[in-house]
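The structure appears below as structure tokens.
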Amino acid sequence: MTLDADRVPPLEDYRDYLLLLARLQIDGRLRGQLDPSDVVQQTLLKAHEKRDQFRGKTHGEQAAWLRMILARAVVDAARKYGDGAAGRERSLDEALGRSSRRLEAWLAAGQSLPLSRMERDEGLFRLADALARLPVDQRRAVELRYLRGMSMAEIGQEVGRSTAAVGGLLQRGLRALRQMLGESRGEA
């Protein structure tokens with residue numbers, strides 16, 4: 001997706017970004033019962049219903065608004081499945097904000113020049129889209145390592161793989177991401 005400075009993108013353009021954030025925030029105990037895609041669908045439906053309440057004018061403001069709706073959707077879904085520990089909507093919204101900032105920092109780390117807000121927003125969307133195209137195991141390893149900050153051993157326990165296997169997943173995932181992100185910028 002290429003962002004246009006004169007318009008806020010359609011809500012559907014945020015799907016991969018929201019899905020990435022939902023995967024990062026849904027507690028492991030709920031993963032078998034709660035599908036992040038369903039939570040994102042609920043988020044986009046709510047946002048569509050309440051689009052007249054959005055007062056922002058920038059991509060960042062719309063992303064923040066959608067993160068708040070996503071936080072509420074995750075809390076509501078967690079309550080539905082009986083997870084009382086997930087009842088703090090404010091802390092979840094803060095966690096989603098931290099995840100988004102980690103995404104921005106990870107993206108900016110590969111850049112040599114400071115990025116404008118619009119360039120960062122576009123980069124976040126490209127990154128979310130590229131992550132969504134990775135094979136599930138590679139995507140999960142990359143997200144856990146670089147967006148949740150887990151160690152290789154912790155990732156191995158989480159995904160049921162050896163540390164060496166996790167290293168291979170990360171290596172292949174990062175190589176594929178670099179290729180996809182390079183291609184999306186017109187590099188070869």
Side-chain angles (χ1 to χ4, degrees), residues 1-3 13-41 43 60 63 66-67 70-71 74 77-78 83 86 91-115 117 119-188:
M1 167 179 71
T2 301
L3 299 179
D13 287 359
Y14 290 88
R15 182 176 295 277
D16 288 335
Y17 172 70
L18 293 171
L19 187 56
L20 173 61
L21 293 175
R23 282 193 308 264
L24 290 172
Q25 297 307 318
I26 291 176
D27 189 283
R29 296 171 300 203
L30 293 174
R31 284 200 186 105
Q33 301 169 337
L34 186 57
D35 183 353
S37 297
D38 293 340
V39 175
V40 169
Q41 186 63 31
T43 299
L66 288 168
R67 283 194 310 270
L70 176 66
V74 170
D83 183 10
S91 64
L92 184 57
D93 185 45
E94 290 168 3
L96 288 169
R98 282 192 305 274
S99 292
S100 183
R101 286 188 296 279
R102 279 194 301 266
L103 279 170
E104 287 182 22
W106 189 47
L107 181 66
Q111 305 294 325
S112 56
L113 299 173
L115 299 174
R117 182 70 200 171
E119 289 169 324
R120 276 196 312 272
D121 288 347
E122 185 170 347
L124 284 173
F125 291 115
R126 283 191 351 256
L127 176 60
D129 178 59
L131 280 166
R133 291 187 286 156
L134 285 178
V136 174
D137 290 343
Q138 290 176 20
R139 185 199 74 228
R140 188 131 186 257
V142 169
E143 289 174 356
L144 293 174
R145 177 74 175 152
Y146 295 101
L147 303 179
R148 281 201 180 162
M150 294 174 76
S151 71
M152 301 282 277
E154 290 170 325
I155 297 168
Q157 288 178 335
E158 179 84 15
V159 300
R161 301 268 183 111
S162 70
T163 304
V166 169
L169 289 170
L170 287 170
Q171 185 178 28
R172 289 188 302 278
L174 291 174
R175 187 179 322 121
L177 280 174
R178 284 185 195 103
Q179 183 179 18
M180 284 186 269
L181 292 172
E183 287 172 1
S184 69
R185 288 190 302 249
E187 300 169 8

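- Atom CG of L131 is separated from atom CD of E143 by 5.5 Å, given to the nearest 0.5 angstrom.
- Between A130 and L181, the shortest heavy-atom distance links the atoms CB-CD2, 4.1 Å.
- By the side chain to side chain donor-acceptor pair (under 3.5 Å) test, R15 pairs with E12, Q41, sequence neighbours left out.
- Scored by the side chain to side chain donor-acceptor pair (under 3.5 Å) test, D38 finds no partners at all (sequence neighbours excluded).
- To the nearest 0.5 Å, atoms CG (D129) and CG (L134) are separated by 10.0 Å.
- Taking 4.5 Å as the limit, some side-chain heavy atom of L144 sits within range of a side-chain heavy atom of V159.
- Side-chain atoms of Y17 and R67 form a donor-acceptor pair, as typed in the model, at a separation below 3.5 Å.
- We find the CE-CD distance between M150 and E158 to be 4.5 Å, quoted to the nearest 0.5 Å.
- Taking the side-chain contact (heavy atoms from CB on, under 4.5 Å) definition, one finds that T163 meets it with M152, sequence neighbours left out.
- S151 meets the side chain to side chain donor-acceptor pair (under 3.5 Å) test with E154; sequence neighbours excluded.
- Put simply, CG on L177 and OH on Y146 are 10.0 Å apart, with the number rounded to the nearest 0.5 Å.
- Applying the side-chain hydrogen bond (donor to acceptor under 3.5 Å, both in side chains) rule to pairs touching residues 165-177 yields nothing, sequence neighbours excluded.
- When the salt bridge (charged side-chain N to carboxylate O under 4.0 Å, His left out) test is applied to D16, no partner is found at least two apart in sequence or on another chain.
- For the pair R140/L169, no side-chain contact is recorded, criterion being any heavy-atom separation below 4.5 Å from C-beta on.
- Considering every non-hydrogen atom in both V40 and A22, the closest pair reads CG2-CB, 4.0 Å.
- When every heavy atom of S37 is checked against every heavy atom of L19, the shortest pair comes out as N-CD1, 3.6 Å.
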